[in-house]
Structures are given as structure tokens and as C-alpha cells.
Asks: 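Please read through the structure below; I'll follow up with questions.
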Amino acid sequence: MIVNSRLQQYEPTIQKDDLLNINVSAANAEAVLPFNIYETPILDNSIGSAKPLPYLVNASGEIKFPVLGVLKVTGMTTNELSEFLHTKLAEYISNPIINISTINFKVTVLGEVNKPGTYQIQNQRITIVEALGLAGDLTINGNRDITLIRERDGERVFIPIDITNKALFNSPYYYLSQNDLIYVEPNKSKINSSGIGANTSVIFTSIATFISIIAILIQ
């Protein structure tokens, strides 16, 4: 069995509007308090049930991190950011441990699938095939040439993908990125189905899907 090492090593990069959960810990619990942010103030150096706050990556691709200040994080993977923070925090803390996750990683699947919608991805790693599986797979009327809509360098790009082509498994689009949108168009059989009523239904369905896509993209 041949395994593509590039795909095995795939990690999504941090993007604008990501919500990052960054937790800093160490043997000396008091030493890490200045490097974590919480909903309520920490009293008597006791965390107790204090809830940590996420870091929002702003429009400039930055977060404001305690003590260290403004950090540019877009384009980094969570592992790369963890290593970067470890190096910086080692100047203040002995053997710091940094755990980072993206808590709003989601993808959207619309069109001719059985369960269209937006799906939160816990492990921040999902393929096109898995996303279509979450959406209940294509309906019998779904076109196997799908469209992936992705934001890249501040612009949205529309990428046609043939999911029946085995080249998909080596494609740079096989793994999805944060906020990717997959649109499955109706196939010719449905579009050309006989009867005015059927064609009207296809038109209204397409319009509704288009409106849904626009609503998601302008959020």
C-alpha cells in the first residue's frame, strides 16, 4: 500500500477570524498565571473554576498575547505557534507546556446532499470525502463535479473538483481548510427532468442554495 506522506503531514494553518484556545501550563502553576486569560480575575493565585478565554485572530492576522504583546499568527499551524510560544515563554517560565486548538473550525456543505449544513470539526482535520459523509453523501441528483469555495489571501476562489477522479487523493484540496464551503450542483438528469413543475423546483432550489452561499460568504 502506497501512502502519500505529504497528506499524512497535512496541518491546517491559522486564519483570520479563528478562535484559538491557548493554554500555558508548567510545574509552577503561579508562574503561568500572567500568560493565560480568563473570564473573571484570578484571586489569591487560585484558578479554581475560572473559564479561559479564546484569542480572536483579528483582520491583520494577529492576536494580543499577555506579556508578549501583539503576535502575527496567520499562516502558522497550531504546532508551529506552540513551538514559537514555547521559545518565547522559556525566558519567563521553566519548561512551559503550550496546548493550542482552533475552537471554531468549521466547513459547510450545500446543494445536492442529504444533510446540507455547517459542521464543526473537533480535530481540525477533515477531507472532502469525510465532509460529504457528514452531509449524508450526495443525493441521486448530485453532480460528481463539485465546487470548493475557499478564501485565499483575502479573496474567494472557486475550485472545480471531480470527486470520481483518484487524483483527488493527491490534490492540495483533499484536506479542507477552516470555513471551506463545498457546493454540489444538480446533475443534468435533474435539470433536464421533464415537466415545468420539476424545472421550476430545480430553479427555486438553486436560487435558495445560492442565497445560502451568499449569506455564509458575507458573514
Asks: Can you list everything that forms a side chain to side chain donor-acceptor pair (under 3.5 Å) with D145? Sequence neighbours excluded, please.
Replies: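 D145 satisfies side chain to side chain donor-acceptor pair (under 3.5 Å) with no other residue.
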Asks: Is there a path from F169 to Y175 through hydrophobic residues (I, L, V, M, F, W, Y) whose side chains come within less than 4.5 Å of each other?
Replies: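 Yes, it is one cluster - the side chains of F169 and Y175 are joined through contacts under 4.5 Å.
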Asks: How long is the straight-line distance from CG of L176 back to OG1 of T127, given to the nearest 0.5 Å?
Replies: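 T127 atom OG1 to L176 atom CG measures 7.0 Å (nearest 0.5 Å).
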Asks: Where is the tightest heavy-atom contact between A26 and S94, given as atom of each residue plus distance?
Replies: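 Shortest heavy-atom contact: CB-O, 3.9 Å.
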Asks: Among all residues two or more places apart in sequence or in another chain, which pass the side chain to side chain donor-acceptor pair (under 3.5 Å) test with T102?
Replies: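 For T102 the side chain to side chain donor-acceptor pair (under 3.5 Å) partners, ignoring immediate neighbours, are Q124.
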Asks: Any donor-acceptor pair under 3.5 Å linking the side chain of N36 with the backbone of V24?
Replies: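 Pair found, side chain donor or acceptor close to backbone of V24.
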Asks: Side chains of T74 and K16: closer than 4.5 Å at any heavy-atom pair?
Replies: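 T74 vs K16: side chains touch.
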Asks: Hey, any chance I100 and I97 share a hydrophobic cluster, counting ILVMFWY side chains that come within less than 4.5 Å of each other, even indirectly?
Replies: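 In one cluster: no.
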Asks: Rounded to the nearest 0.5 Å, what separates atom NZ in K106 from atom CG in L181?
Replies: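 One gets 11.0 Å once the value is rounded to the nearest 0.5 Å.
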Asks: Linking I/L/V/M/F/W/Y whenever any side-chain heavy atoms sit under 4.5 Å apart, do I163 and I140 land together?
Replies: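 Shared cluster, no.
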Asks: Are any non-hydrogen side-chain atoms of L89 and L68 less than 4.5 angstrom apart?
Replies: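 In short, these two side chains touch, coming nearer than 4.5 Å.
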Asks: Is it the case that the side chains of Q15 and N179 hold a donor-acceptor pair, with the cut-off being a distance below 3.5 Å and no angle test?
Replies: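 Not at all, the side chains of N179 and Q15 share no donor-acceptor pair under 3.5 Å.
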Asks: So, does N21 use its side chain to make a donor-acceptor pair with the main chain of N99 at under 3.5 Å?
Replies: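 Side chain of N21 to backbone of N99, a donor-acceptor pair under 3.5 Å: no, none is there.
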Asks: Take V107 and L134, measure what side-chain contact (heavy atoms from CB on, under 4.5 Å) needs, and give me the verdict at the end.
Replies: CA-CA 10 Å; V107 297; L134 285 177; 5.6 Å; no
Asks: To the closest 0.5 Å, what do you measure between CG (L19) and OG (S101)?
Replies: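 Nearest 0.5 Å value for the CG-OG distance: 10.5 Å.
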Asks: Say you draw a straight line from CG of D162 to OG of S171; how long is it, rounded to the nearest 0.5 Å?
Replies: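 One finds 11.0 Å between CG of D162 and OG of S171.
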Asks: Name the atoms and distances for all side-chain donor-acceptor pairs under 3.5 Å in residues 80-87, with sequence neighbours left out.
Replies:
residue	atom	partner	partner atom	Å
E80	OE1	T77	N	2.9
S82	OG	I98	O	3.1
H86	NE2	P96	O	3.4
T87	OG1	E83	O	3.1

Asks: Within a 6.0 Å radius of atom CD on Q120, are there more than 12 heavy atoms belonging to other residues, nucleotides or ligands?
Replies: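 Buried by this count: over 12 neighbours within 6.0 Å.
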Asks: Calculate, to the nearest 0.5 Å, the distance between atoms CG and CD1 belonging to L168 and I161 respectively.
Replies: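 So the gap between those two atoms works out to 6.5 Å.
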Asks: Linking I/L/V/M/F/W/Y whenever their side-chain heavy atoms sit closer than 4.5 Å, directly or via other members, would L53 and V67 fall into one cluster?
Replies: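 Same cluster: L53 reaches V67 through Ile, Leu, Val, Met, Phe, Trp or Tyr contacts under 4.5 Å.
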Asks: Is the side chain of Q178 donor-acceptor paired with the backbone N or O of N104 at a distance under 3.5 Å, no angle test?
Replies: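 Yes; judged by distance alone, with no hydrogens or angles, the pair exists.
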Asks: Would you please name every residue forming a ring pair (Phe, Tyr, Trp, His ring centres under 6.0 Å) with Y119, sequence neighbours left out?
Replies: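 Y119: no ring pair (Phe, Tyr, Trp, His ring centres under 6.0 Å) contacts found.
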Asks: Looking only at non-hydrogen atoms, find the nearest pair between Y183 and E185 and report the distance.
Replies: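 Scanning both residues completely, I find the closest heavy atoms to be CE2-CG, 3.2 Å.
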Asks: side-chain contact (heavy atoms from CB on, under 4.5 Å) for V113 and I182? Distances and angles first, verdict last.
Replies: CA-CA 10 Å; V113 290; I182 296 172; over 6 Å; no
Asks: For residues 87-115, which residue pairs pass the ring-ring contact (aromatic ring centres under 6.0 Å, His included) check, not counting sequence neighbours?
Replies: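 Only F35-Y92 qualify under ring-ring contact (aromatic ring centres under 6.0 Å, His included).
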Asks: Are L138 and V129 in one and the same hydrophobic cluster, where Ile, Leu, Val, Met, Phe, Trp and Tyr link if side-chain heavy atoms are under 4.5 Å apart?
Replies: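 Cluster IDs for L138 and V129 match.
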Asks: Please check if the side chain of N114 supplies one atom and the backbone of D137 the other of a donor-acceptor pair under 3.5 Å.
Replies: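 Yes.
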Asks: Starting from the C-alpha separation in whole Å, work towards a yes-or-no answer on side-chain contact (heavy atoms from CB on, under 4.5 Å) for T139 and E112.
Replies: CA-CA 6 Å; T139 68; E112 288 294 334; 2.7 Å; yes
Asks: Set out, in order, the CA-CA distance, both residues' side-chain angles and the distance that settles side-chain contact (heavy atoms from CB on, under 4.5 Å) for L132 and V109, then state yes or no.
Replies: CA-CA 7 Å; L132 291 173; V109 187; 4.1 Å; yes
Asks: So which heavy atom on V184 is nearest to which on G142, and how close?
Replies: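 It is CG1-CA, 3.9 Å.
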Asks: If you count every heavy atom of other residues, nucleotides or ligands that lies below 6.0 Å from N165 atom CG, does the total exceed 12?
Replies: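 Atom CG in N165 is crowded, with more than 12 foreign heavy atoms closer than 6.0 Å.
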Asks: Could you tell me the separation between the CG atom of L71 and the CE atom of M76, rounded to the nearest 0.5 Å?
Replies: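 Output value for this atom pair is 8.5 Å.
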Asks: Minimum heavy-atom separation for R150 to I159, with atom names?
Replies: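 Here R150 and I159 meet closest at CB-CD1, 4.4 Å.
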Asks: Side-chain polar contacts of residues 56-66 - donor-acceptor pairs under 3.5 angstrom, sequence neighbours left out - could you list them?
Replies:
residue	atom	partner	partner atom	Å
N58	OD1	S60	N	2.9
N58	OD1	G61	N	3.0
N58	OD1	E62	N	2.9

